[in-house]
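Being a predicted model, the structure only gives us computed values, none of them experimental. Below, chains carry the letters A, B, ... as their sequence lines are ordered, and counting in each starts from 1.
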Amino acid sequence: MTLRLTNTLSRRIEPFEPLVPGQVSIYCCGVTVYDLCHLGHARSYIAWDVLRRYLLWSGYAVTFVQNYTDIDDKILNRAAEEGSSMQIVSERNIEAFVADMARLNILPPDRMPRATQSLDAIRALITELEAKGAAYSADGDVYFAVMKHAGYGKLSGRDLAEQQDNAAGRVATAEEARKQHPFDFALWKGTKAGEPSWESPWGPGRPGWHIECSAMVREELGDTIDIHLGGADLIFPHHENEIAQSEAATGHELARYWLHNGMVNVGGQKMSKSLGNFTTIRALLDSGISPMNLRLFTLQAHYRKPLDFSAPALEAAATGWKGLNAALGLAASAEAAPASDAADLPSDLAEARQRFAAAMDDDLNTSAALAVLFELAKPLRALANRIERGDGAAAAAATSPGLAAQGQLLLELAGVLGLQHERAAEGPAAGPGSGSGSGSASPSDAEIDAQITARQAAKAARNFTEADRIRDGLKTQGIELIDRPGGVTEWIRS
RNA sequence: GGCGGCAUGGCCAAGUGGUAAGGCAGAGGAUUGCAAAUCCUUUACCCCCAGUUCGAAUCUGGGUGCCGCCUCCA
């Protein structure tokens with residue numbers, strides 16, 4: 001069984017074979033750092049993180065490069081709005097990006113080049129394109145001539161001859177007038193007053209958007225890479241232009257496999273800044289949604305399909321994660337057994353492992369892979385919950401070799417999806433700040449214990465009205481009571 | 001208008017020729033003073049029409065609906 005991936009280039013699922021056996025080079029289009037990242041970015045980078053983890057798990061050596069676009073109109077606009085500079089805005093958002101990705105348990109890329117640090121490579125590439133007649137300069141700008149490049153449109157399925165007619169009715173801006181073809185795009189933009197600029201053979205200015213990726217790919221990974229990643233909204237024009245630039249310059253295929261993730265939708269519409277229907281990653285995580293909850297949510301759908309975001313859908317994933325997390329917790333607490341060798345596993349576990357791999361091999365079918373995790377987790381979760389209730393027999397059962405092996409396999413496979421056990425944010429009598437303020441909405445541990453004692457007395461007297469009144473009262477203060485067998489009452493802050 | 005994608009139970013979502021994974025919600029049972037939590041059990045013939053086939057959710061043709069890209073965007 002080998003990994004098969006949907007290649008946007010061919011529009012079909014293809015067996016994955018890296019250029020160099022055992023090694024995979026990946027370039028992933030990163031973010032333009034003008035603002036915080038939202039759920040759409042989370043979905044995308046989680047999907048690619050899973051691809052990377054799966055390749056590593058499968059034994060490949062992976063080199064993963066992801067860029068930061070830190071030269072862009074939107075960054076400049078933001079800087080102008082707040083009276084700072086492009087660099088300040090970029091630095092701040094790069095920092096936020098790194099923090100957000102880390103919270104989501106996304107492995108950091110091996111290298112993260114920035115446009116501002118790639119000017120030499122960018123200028124060299126443009127010079128080469130110009131020398132080869134693929135680019136032309138006009139009034140300080142340099143454009144890529146799409147008509148000169150056979151094969152333009154091969155990724156997005158566009159036909160230049162037809163597209164020209166469609167574009168004919170467009171508003172003719174000054175820039176449009178400088179272009180030889182409406183699809184020609186800027187490699188270099190002549191400087192404008194008040195904007196950062198860099199020296200170049202074409203005068204001061206800054207690079208266009210697409211060229212930075214071509215330059216970085218070549219500089220970091222070479223002329224031809226194995227996999228190029230990005231959101232489906234980048235297929236055209238960004239990736240199409242990237243291909244044109246790179247292939248016109250090098251004469252070699254830029255990337256052998258192009259993978260694109262589907263958009264995150266809200267109410268059936270794409271989440272985007274312009275529509276104002278976005279939720280930032282940190283706003284969501286800070287609101288109490290756990291990173292793993294979000295991860296599970298996004299992995300329940302196939303990466304190429306649109307994913308509809310809604311609070312109820314996220315809650316459903318949260319409940320699912322709760323069970324999975326309980327199983328992972330039990331497994332993690334068990335004696336750390338050596339990593340399961342597939343050959344040593346009991347047949348049913350080996351079969352589960354095989355089904356997981358088969359699902360992932362099938363174009364990263366995380367939805368089916370998760371089904372395997374849930375099945376593995378089910379008995380472990382039940383045991384974990386029984387143990388939590390003080391069931392001694394369950395505790396004994398948990399130490400059986402079979403279940404330990406199952407737990408280890410669950411941990412291993414969950415890890416491939418980047419899912420890891422999360423400790424409950426707050427548990428029984430675990431709140432260090434429980435005595436924080438006498439007048440605060442949250443009562444102290446001692447106060448809660450006193451209430452519980454009072455309730456137990458009421459129950460003993462069969463005064464259930466009073467007992468329920470106490471329980472409801474605590475609930476309004478965010479304290480939930482859990483009656484255990486044997487008359488023991490525990491509580492959690494909810 | 002061009003290119004691409006999607007349509008499976010109340011919701012989310014796998015499944016690409018042999019009688020429908022998984023999650024959530026719901027229902028029944030256990031437990032409980034009653035709840036909550038927990039445990040056990042349980043719920044579909046796959047948008048419509050026509051066709052291919054012994055047999056189709058799964059292939060072909062047509063229809064309907066929805067979405068993305070064609071301007072910056074993960």
Side-chain angles (χ1 to χ4, degrees), chain A residues 8 11 28-32 34 37-48 69 72-74 153 155-159 162-163 165-167 169-171 173 183 209 229-238 240 260-265 268-275 278 296-297 299-302 304-308 310 312-324 326 355 359 362 365-375 377-378 381-386 388-389 391 394 458-460 462-465 467-468 471-472 475 480-485 490 492 494:
Chain A
T8 306
R11 301 186 193 295
C28 178
C29 273
V31 286
T32 301
Y34 73 106
C37 288
H38 58 62
L39 259 27
H41 302 101
R43 195 268 172 107
S44 182
Y45 296 125
I46 287 170
W48 305 141
T69 297
D72 178 83
D73 282 340
K74 280 185 288 206
L155 181 70
S156 58
R158 256 152 258 261
D159 182 84
E162 285 177 17
Q163 297 294 321
D165 296 337
N166 286 328
R170 291 244 179 99
V171 184
T173 62
F183 273 23
W209 174 36
L229 305 171
D233 52 356
L234 296 183
I235 294 172
F236 189 90
H238 184 56
E240 193 70 71
H260 293 97
N261 64 275
M263 301 293 99
V264 170
N265 290 166
Q269 276 197 311
K270 178 182 167 183
M271 177 178 284
S272 73
K273 296 276 180 187
S274 50
L275 285 170
F278 62 92
L296 178 63
F297 171 67
L299 293 176
Q300 278 181 312
H302 185 86
R304 300 187 75 243
K305 286 196 172 186
L307 175 65
D308 217 60
S310 69
L314 202 57
E315 266 176 50
T319 313
W321 170 244
K322 192 178 167 190
L324 206 49
R355 270 194 302 140
D362 183 17
N365 189 341
T366 52
S367 189
L370 279 170
V372 177
L373 294 198
F374 277 108
E375 285 166 25
K378 191 173 182 181
R381 183 198 65 199
L383 265 186
N385 286 321
R386 280 179 170 154
E388 197 186 296
R389 287 178 51 190
D391 186 334
K459 278 169 68 175
R462 303 199 65 77
N463 183 355
F464 297 121
T465 311
D468 290 350
R471 182 171 65 196
D472 293 345
K475 187 159 192 175
E480 197 156 344
L481 297 188
I482 302 165
D483 287 339
R484 301 291 191 207
E490 289 178 5
I492 54 168
S494 52

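Side-chain proximity of A/Phe374 to the nucleotides B/rU41, B/rG68, B/rG22 is greatest for B/rG22. Of the candidate nucleotides B/rG15, B/rU41, B/rA35, B/rG15 has the atom lying nearest to any side-chain atom of A/Asn365. Closest to the side chain of A/Met271, from the set B/rG15, B/rA25, B/rA74, is B/rA74. Among the nucleotides B/rG22, B/rA74, B/rC34, the one closest to any side-chain atom of A/Asp468 is B/rC34. Nearest to the side chain of A/Lys322, among B/rU38, B/rG15, B/rC70, sits B/rU38. Closest approach to the A/Arg11 side chain among B/rA74, B/rG4, B/rA25 is made by B/rG4 (side chain taken as heavy atoms from C-beta onward). Of the candidate nucleotides B/rA21, B/rG33, B/rA74, B/rA21 has the atom nearest to the side chain of A/Ser367.
In this structure, A/Arg43 contributes its side chain and A/Gly262 its backbone to a donor-acceptor pair below 3.5 Å. With hydrogens and angles disregarded, a donor-acceptor distance shorter than 3.5 Å links the side chain of A/Glu240 to the backbone of A/Leu155.
For A/Asn385 against B/rA37, no side-chain N or O and base N or O form a donor-acceptor pair under 3.5 Å.
At B/rA14, one or more side-chain N or O atoms of A/Lys305 fall inside 4.0 Å of OP1 or OP2 (strictly under the cut-off). Of the side-chain N and O atoms in A/Arg381, one or more sit less than 4.0 angstrom from OP1 or OP2 of B/rC39.
Atoms CD1 (A/Ile235) and P (B/rC70) sit 10 Å apart, rounded to a whole Å.
Salt bridge A/Lys475/A/Asp472: absent, no basic N to carboxylate O contact under 4.0 Å.
In this pair, A/Phe464 lays its aromatic ring flat on the base of B/rG33, centres within 5.5 Å and planes under 30 degrees apart.
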